[in-house]
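Report on the structure given below.
Keep in mind that what you see is a predicted model, and the values were worked out from it rather than measured. Quick note on labels: first sequence line is chain A, next is B, and so on, each numbered from 1.
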Amino acid sequence: LAKTTQPISMDSYEGQEVNITCSHNNIATNDYITWYQQFPSQGPRFIIQGYKTKVTNEVASLFIPADRKSSTLSLPRVSLSDTAVYYCLVAANNNAGNMLTFGGGTRLMVKP
Amino acid sequence: NAGVTQTPKFQVLKTGQSMTLQCAQDMNHNSMYWYRQDPGMGLRLIYYSASEGTTDKGEVPNGYNVSRLNKREFSLRLESAAPSQTSVYFCASRAGQGKVPYNEQFFGPGTRLTVL
């Protein structure tokens, strides 16, 4: 399983863009990169998934360089409600059941 | 459409007691997962089930057993609870087959377990 490394915590202010980088040096050819968000006392919630280059949805953007050894989750103009823990996962994107493991995550604190 | 439901929401056990955590999903998903989350920590995978009738160990399976009763239900059993199993337990499901993105999991609200 590809191991991921993320910063333990980050601080930001309302209205700023936040970029959280995840390192996954031993990512496999079949692996996709998935990001989740978790609020206190809740289960994680899927944010975005990508394989290469850039993926954008209504919540975030995901930037993946050509070597795919890292990825960056970008949250545009964060608000206080974006304060949460963000997890990066790497796993094969297939039909079979796969062992989806979470790392320690990045605790994002958005300040007024 | 309730998504993923877990029972109970809270439980207090004494060391050595046994209990079963229940999880059910109504999204017709193939894969189901059990995670534990200790205070201030990330989630750790206990067991998962790729499909009805199959189960596999995750990162921290010791002290737990699971049953994939049918496609909807996946239970987690603690045979002899220990204080080290005090944690929040999350169940999740994943469509896997025929739905993109395959790795999108849906989580239940969690069960907060305290073992004294």
Side-chain angles (χ1 to χ4, degrees), chain A residues 1-9 22 24 27-28 30-52 55-57 59-60 62 64 71 84-109, chain B residues 3-6 9-10 23 25 29-61 66 68 71 74 88-112:
Chain A
L1 294 172
K3 179 178 168 58
T4 60
T5 303
Q6 305 173 232
I8 293 174
S9 63
C22 179
H24 26 81
I27 189 169
N30 293 337
D31 286 343
Y32 278 65
I33 300 144
T34 311
W35 285 81
Y36 283 81
Q37 175 191 56
Q38 184 180 27
F39 297 115
S41 301
Q42 294 185 25
R45 182 176 69 117
F46 174 90
I47 301 176
I48 197 167
Q49 178 175 288
Y51 183 81
K52 61 180 179 181
V55 179
T56 297
N57 62 21
V59 176
L62 178 59
I64 305 166
S71 59
V85 178
Y86 293 82
Y87 296 95
C88 164
L89 280 73
V90 173
N93 197 42
N94 56 35
N95 284 328
N98 51 10
M99 200 165 122
L100 297 174
T101 57
F102 288 73
T106 297
R107 193 171 300 272
L108 173 65
M109 174 68 72
Chain B
V4 179
T5 57
Q6 293 184 235
K9 287 187 170 53
F10 300 93
C23 174
Q25 51 91 10
H29 285 173
N30 289 311
S31 302
M32 297 185 74
Y33 303 78
W34 276 106
Y35 294 90
R36 62 174 287 176
Q37 185 171 38
D38 299 336
M41 306 290 286
L43 288 85
R44 291 186 291 171
L45 181 64
I46 305 171
Y47 270 93
Y48 67 104
S49 169
S51 61
E52 184 180 353
T54 68
T55 61
D56 285 287
K57 295 179 180 179
E59 302 168 276
V60 288
V66 290
R68 183 74 184 268
K71 193 170 186 179
F74 189 38
V88 179
Y89 290 84
F90 288 102
C91 176
S93 70
R94 182 181 77 101
Q97 198 162 9
K99 185 176 180 345
V100 176
Y102 295 129
N103 287 339
E104 180 177 6
Q105 288 178 300
F106 294 83
F107 282 79
T111 295
R112 283 149 185 77

Walk me through whether B:Gln105 and A:Thr34 qualify under side-chain contact (heavy atoms from CB on, under 4.5 Å).
CA-CA 10 Å; B:Gln105 288 178 300; A:Thr34 311; over 6 Å; no
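Of the two parts of B:Arg112, only the side chain, counted from C-beta on, holds a non-hydrogen atom closer than 4.5 Å to a non-hydrogen atom of chain A.
Side-chain contact between B:Arg94 and A:Phe46 is absent, with no heavy-atom pair separated by less than 4.5 Å.
Here A:Gln38 contributes atom CD and B:Phe107 contributes atom CZ; the two are 8.0 Å apart, rounded to the nearest 0.5 Å.
Between A:Tyr87 and B:Met41 the shortest heavy-atom distance is OH-O, 3.8 Å.
Per-residue counts of heavy-atom pairs under 4.5 Å with chain B were compared for A:Pro40, A:Gly105, A:Gly104, A:Ser41; the largest is that of A:Ser41.
Listed for the B:Tyr35 side chain is no donor-acceptor partner under 3.5 Å among the backbone atoms of A:Gly43.
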